[in-house]
**Student:** 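Here's a structure for you.
Because only heavy atoms are used, hydrogens play no part in the values below, and waters and symmetry mates are left out as well, while side chains stay in. Residue indices begin at 1 and follow the sequence shown.
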Amino acid sequence: MKDDPAIFPLHPAQLDVYTDQLLDLSSPHYNIGGFIRLKGNLNKDLFREVVASGLQAFDAFRMSFDVGMAEPVFFLSEKNDLLEISELDFSDKGCSEEEAMQWMRTQFNTAFPLHKDEPFYQHYLLKISDDQY
């Protein structure tokens with residue numbers, strides 16, 4: 001399988017969002033964030049495997065943009081790398097859940113770079129306690 005991305009024109013709805021984002025590249029206006037609570041004994045390896053399987057199921061995880069291109073297009077990578085999941089441990093904080101929520105709010109309000117080699121998503125596993133993520 002090739003590693004070079006295929007190049008596609010933007011759909012008119014994508015073009016509207018893309019053009020609006022160009023007006024302020026530091027704006028998180030189009031960010032979508034969310035979280036799920038996991039309670040109990042978590043098999044982290046299985047969790048990572050399940051999240052990583054999204055790469056094969058959803059093209060959005062293989063899409064990227066580049067504001068340096070003359071024409072507004074998106075790239076669709078053929079790479080099958082695993083989705084990266086960073087783990088952050090808030091369990092040693094006094095108010096671990098509150099600290100994790102504040103961290104997430106900050107992330108939700110941080111713009112993603114529009115560069116061909118950088119994804120515009122992030123996955124994190126936040127540890128709140130030994131039996132809550």
Side-chain angles (χ1 to χ4, degrees):
M1 196 176 277
K2 66 181 181 175
D3 285 343
D4 295 331
I7 301 173
F8 297 94
L10 296 180
H11 180 277
Q14 290 172 316
L15 184 58
D16 287 347
V17 171
Y18 182 85
T19 303
D20 192 46
Q21 186 68 49
L22 290 179
L23 296 174
D24 184 0
L25 291 173
S26 65
S27 171
H29 184 74
Y30 294 103
N31 284 8
I32 300 172
F35 66 94
I36 58 172
R37 290 182 199 277
L38 304 170
K39 293 185 177 187
N41 188 16
L42 178 64
N43 180 332
K44 290 183 193 178
D45 292 333
L46 182 58
F47 176 78
R48 289 177 190 280
E49 185 180 321
V50 169
V51 172
S53 70
L55 189 64
Q56 286 78 34
F58 303 106
D59 288 343
F61 290 128
R62 296 186 295 117
M63 289 176 65
S64 62
F65 300 90
D66 192 340
V67 296
M69 297 294 292
E71 296 289 323
V73 296
F74 75 87
F75 301 89
L76 189 61
S77 174
E78 293 295 325
K79 286 185 176 182
N80 278 326
D81 297 343
L82 293 179
L83 294 177
E84 184 176 320
I85 303 171
S86 301
E87 185 173 347
L88 300 175
D89 188 348
F90 289 88
S91 64
D92 61 346
K93 309 286 185 205
C95 299
S96 57
E97 190 166 348
E98 186 177 312
E99 295 267 346
M101 293 298 286
Q102 180 57 45
W103 181 87
M104 283 190 290
R105 280 190 287 276
T106 300
Q107 296 305 304
F108 294 162
N109 288 304
T110 302
F112 284 90
L114 295 177
H115 300 288
K116 183 176 83 169
D117 297 326
E118 296 188 42
F120 55 92
Y121 61 86
Q122 297 173 341
H123 289 96
Y124 288 91
L125 180 61
L126 307 180
K127 182 177 180 181
I128 305 302
S129 66
D130 287 337
D131 64 347
Q132 184 174 330
Y133 289 83

**Student:** Check whether any side-chain heavy atom of Tyr133 lies under 4.5 Å from a side-chain heavy atom of Glu87, and answer yes or no.
**Tutor:**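 Yes, at least one pair of side-chain atoms sits under 4.5 Å.
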**Student:** Check whether Phe112 and Leu22 end up in the same hydrophobic cluster, where Ile, Leu, Val, Met, Phe, Trp and Tyr are linked by side-chain heavy atoms less than 4.5 Å apart.
**Tutor:**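 Same cluster: Phe112 reaches Leu22 through Ile, Leu, Val, Met, Phe, Trp or Tyr contacts under 4.5 Å.
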**Student:** Cluster question for you: counting only ILVMFWY and a side-chain heavy-atom cut-off of under 4.5 Å, with indirect links fine, are Val17 and Phe74 together?
**Tutor:**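 No.
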**Student:** So does Phe58 have more than 12 non-hydrogen atoms from other groups sitting under 6.0 Å from CZ?
**Tutor:**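 Counting other residues, nucleotides and ligands, CZ of Phe58 stays at 12 neighbours or fewer.
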**Student:** Within this structure, what is the CD-CD1 distance for the pair Glu98 and Ile128, rounded to the nearest 0.5 Å?
**Tutor:**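 So the gap between those two atoms works out to 11.0 Å.
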**Student:** Could you check if a side-chain atom of Met69 sits within less than 4.5 angstrom of a side-chain atom of Phe75, using non-hydrogen atoms only?
**Tutor:**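 Counting from C-beta outward, Met69 and Phe75 do come under 4.5 Å.
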**Student:** Quick one: are Leu125 and Leu42 in side-chain contact, heavy atoms under 4.5 Å?
**Tutor:**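 Yes, at least one pair of side-chain atoms sits under 4.5 Å.
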**Student:** Do other residues, nucleotides or ligands put more than 12 heavy atoms under 6.0 Å from Gln122 CD?
**Tutor:**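 Atom CD in Gln122 is packed in, count exceeds 12.
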**Student:** Is there side-chain contact between Phe47 and Leu38, with at least one heavy-atom pair below 4.5 Å?
**Tutor:**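 A side-chain contact under 4.5 Å exists here.
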**Student:** For Asn43, does the CG atom have more than 12 heavy-atom neighbours from other residues, nucleotides or ligands under 6.0 Å away?
**Tutor:**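 Enclosed: over 12 neighbouring heavy atoms sit under 6.0 Å from CG of Asn43.
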**Student:** Does a side-chain heavy-atom distance below 4.5 Å link Lys93 with Trp103?
**Tutor:**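 They are not in contact (no side-chain heavy atoms under 4.5 Å apart), so the answer is no.
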**Student:** For Pro72 and Tyr18, work out which heavy atoms get closest and say how close.
**Tutor:**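 Heavy-atom minimum between the residues: CB-CE2, 3.6 Å.
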**Student:** Does the side chain of Asn31 reach to within under 4.5 Å of the side chain of Phe108, using non-hydrogen atoms?
**Tutor:**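 A side-chain contact is absent here, since even the closest heavy-atom pair is not under 4.5 Å.
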**Student:** Any chain of hydrophobic side-chain contacts (each under 4.5 Å) joining Leu25 to Leu15?
**Tutor:**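 Yes; tracing contacts between hydrophobic side chains, which count when under 4.5 Å, links both residues.
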**Student:** Which value, rounded to the nearest 0.5 Å, describes the distance between Phe90 atom CZ and Gln102 atom CD?
**Tutor:**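 So the CZ of Phe90 and the CD of Gln102 are separated by 10.0 Å.
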**Student:** Contact between Ser27 and Gln21 at the side-chain level, heavy atoms closer than 4.5 Å - yes or no?
**Tutor:**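 The answer is yes, as the side chains (C-beta and beyond) meet within the 4.5 Å cut-off.
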**Student:** Between Arg48 and Asp45, does any side-chain N to carboxylate O distance fall below 4.0 Å?
**Tutor:**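 Salt bridge between Arg48 and Asp45, a charged N being under 4.0 Å from a carboxylate O: no.
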**Student:** Give a yes or no on whether Ile32 atom CD1 has more than 12 heavy-atom contacts from other residues, nucleotides or ligands under 6.0 Å away.
**Tutor:**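 For Ile32, atom CD1 is not crowded (no more than 12 foreign heavy atoms under 6.0 Å).
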**Student:** List in chain and number order the residues that pass side-chain contact (heavy atoms from CB on, under 4.5 Å) with Ser86, two or more places apart in sequence or in another chain; answer none if no residue qualifies.
**Tutor:**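 Listed in chain order: Glu84, Tyr124.
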**Student:** For residues Pro9 and Gln14, report the shortest heavy-atom separation together with the two atoms involved.
**Tutor:**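 Heavy atoms only, the tightest pair is O-OE1, 4.5 Å.
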**Student:** Can any side-chain N or O of Arg62 pair as donor or acceptor with the backbone N or O of Leu76 at less than 3.5 Å?
**Tutor:**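 Flag not set: sc Arg62 to bb Leu76 has no pair under 3.5 Å.
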**Student:** What residues form a side-chain contact (heavy atoms from CB on, under 4.5 Å) with Asp92, not counting sequence neighbours?
**Tutor:**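 Residues passing side-chain contact (heavy atoms from CB on, under 4.5 Å) with Asp92: none at all.
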**Student:** Measure the CD1-CG distance between Ile7 and Asp66 for me, rounded to the nearest 0.5 Å.
**Tutor:**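 So the gap between those two atoms works out to 9.5 Å.
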**Student:** How long is the span from the NE2 atom in His29 to the CG atom in Leu23, to the nearest 0.5 Å?
**Tutor:**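 The distance works out to 11.0 Å.
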**Student:** Is a side-chain donor or acceptor of Ser91 paired with a backbone partner of Ser129 at a separation under 3.5 angstrom?
**Tutor:**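 No, the answer is negative, given that no donor and acceptor are paired below the 3.5 Å cut-off.
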**Student:** Please find the pair of heavy atoms, one from Ser53 and one from Val50, that lie closest to each other, and give the distance.
**Tutor:**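 So the minimum-distance heavy-atom pair works out to OG-O, 2.5 Å.
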**Student:** Are Val73 and Met63 connected, step by step, through hydrophobic side chains (Ile, Leu, Val, Met, Phe, Trp, Tyr) whose heavy atoms are closer than 4.5 Å?
**Tutor:**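 No, separate clusters.
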**Student:** If you round to the nearest 0.5 Å, how far is OH of Tyr30 from CG of Asp16?
**Tutor:**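 Spacing of CG (Asp16) from OH (Tyr30) equals 8.0 Å.
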